[in-house]
Amino acid sequence: MVGRTLWSGRFDGDVDSSTLEFTSSLDVDAALSFYDVMGSLAHVKMLKECKIIPDEDADVIINGLKKIRSEIESGEFKIDRSLEDIHTNIEFRLTDIVGHIGGKLHTARSRNDQVVTDFKMYLRDVVLNIVSLIDELINALIEIAKKEDLIIPGFTHTQHAQPVTIAQHALAHIFKLERDASRFLEAFDRMNYCPLGSAALAGTTYPIDRIMVAEALGFKAPTQNSMDSVSDRDFATELAFCSSLTAIHLSSMAEELINWSSQEFNFIEMDDAYTTGSSIMPQKKNPDIAELIRGKTGSIIGNLVTMLVMIKGLPLSYNRDLQEDKAPVMLSLESLHKCLVMMSKIVSTLRFNENVIASKVALGFINATDLADYLAIRGLTFREAHGVVGTIVRYCIEGKKNLEDLSLGEFKEFSELFEDDVYDYISMKSCVERRNSFGGTSTQSTSVQLDHAIQNYARRKDIIKKESNFINACWSKLIS
Ligand code: ARG
């Protein structure tokens, strides 16, 4: 069936149904319905205030839009699938309710500025939600970081490197996620400018008040340039990037969890609730959730590439290509949402096999750097010390011993500088506690980091609360 359009006047013949089907964005932009009504309410209130349409017409439209809003909220709003998009649906529903006066709503605006405004409002809410989900994960990691006594092997090149605390390890993930959260919040600030009133591309001849509309919709200010406004998809692309980087961080965590729960590592045990079994091997407990988090990263990165390629080389200003902006970003954020929820559940229910970890800490000579430091502070150059300890390690490998198993006599054969205090010096605990440099793994340093993480977590919680209260207050005002 060929549906009604907002633009049939110029056309002699009917547009083919395949054209409408092909150009429709309804499947995706139906999610913008609430924001579309809010945008229209702000717009019509401004038209009234600026005397662009008569008060009584504006009031009729305002009441009609309020009715549509409650229909959307209660689920009664029926989407007509034969119409091109959600904007068309809402405008036609308005004229169904209030008659031809509804046609005045579109004075001084275009779908070009309307759709980008709707999308920004939608994304603002999603971003605040994503940041609180990142924070839930940070919170779960903070709980792990409080176990400052647990020493694990720290890895480089997936080889045992130096001893670190689980606190230091968890905090490493926390700081990556903190940057993700702040990247999302910065993107939020950057996109929080209102394009409405840019109209098709050049602005409008009507004496509109863009500041009033921007304020009513909770934006910081109107955007500066009408042509930029209708063609800008930086904000959506940036969120696709923020999602990708966060997903990449989750993917690395997932990889680690998968490895650490393998029989080879056996550092951790994931809760049964967040693992799955095998249909053939009865003994299996598989880390499928973590694997899926790792796997879903692929499409999230793919969506970023979709956005970049879609906007590349577009001439100013609006081009219909831009309609393809919503699905990739929405899908990325939706997928990231699910990954964050599941990762928080896995992390908050993890158990550490502390005995296994302790036995693994003893392997791989992870206190060898400290043994070299011991000689260096007693007079050797670090290079000489490095050479001596390398020889000692070779000796230990042949004798199947750890460094701390050597007798003082054996140590002295490699250097006269060794004394009895060497054993305490190279104990794992001392190795950890001596790394007291800013950002290091010592208990003192990790507690500074932890305080920092806890404060930032609280600060972000305040920001999210403030921003969402502000947006909600704008909505309440608009529908009052
Ligand atoms: N459904 C369209 C979108 O999502 C609305 C804009 C249509 N504008 C136009 N000039 N055809 O982008």
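Every number for a ligand or one of its atoms is a count from 1 in the order of the listing.
The single protein non-hydrogen atom nearest to atom 5 (C) of ligand 1 is Asp85 OD2, 3.5 Å, given as residue, atom name and distance. Distance from atom 10 (N) of ligand 1 to its nearest protein heavy atom, with residue and atom name: Asn112 OD1, 3.2 Å. In this structure, the protein non-hydrogen atom closest to atom 12 (O) of ligand 1 is Tyr318 OH, 2.8 Å.
Taking 4.0 Å as the cut-off, Lys326 counts as a neighbour of ligand 1 on heavy-atom distance.
Close contacts between ligand 1 and Val115 involve ligand atoms 3 (C), 4 (O), 12 (O) [criterion: under 4.0 Å to a heavy atom]. Counting the atoms of ligand 1 from 1 in the order shown, those under 4.0 Å from a heavy atom of Ser25 are 1 (N), 4 (O).
Salt bridge annotation for Lys45-Glu49: absent, with no cationic side-chain nitrogen under 4.0 angstrom from a carboxylate oxygen. Taking a cutoff of 4.0 Å between a charged side-chain nitrogen and a carboxylate oxygen, Arg81 and Asp27 qualify as a salt bridge.
Here the closest heavy-atom approach between residue Gln168 and residue Gly439 is recorded as NE2-O, 2.9 Å.
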For a side-chain contact (heavy atoms from CB on, under 4.5 Å) check, start with the C-alpha distance between Leu47 and His43, then their side-chain angles and the critical distance, and finish with the verdict. CA-CA 6 Å; Leu47 293 178; His43 180 68; 3.6 Å; yes
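Ranked by closest heavy atom to atom 11 (N) of ligand 1, the top entry among Gln323, Arg320, Glu84 is Arg320.
Classified by interplanar angle (parallel below 30°, tilted 30° to 60°, perpendicular above 60°), the ring pair Trp475/Tyr35 is perpendicular.
Taking the ring centroids of Phe265 and Phe155, they lie under the 6.0 Å cut-off.
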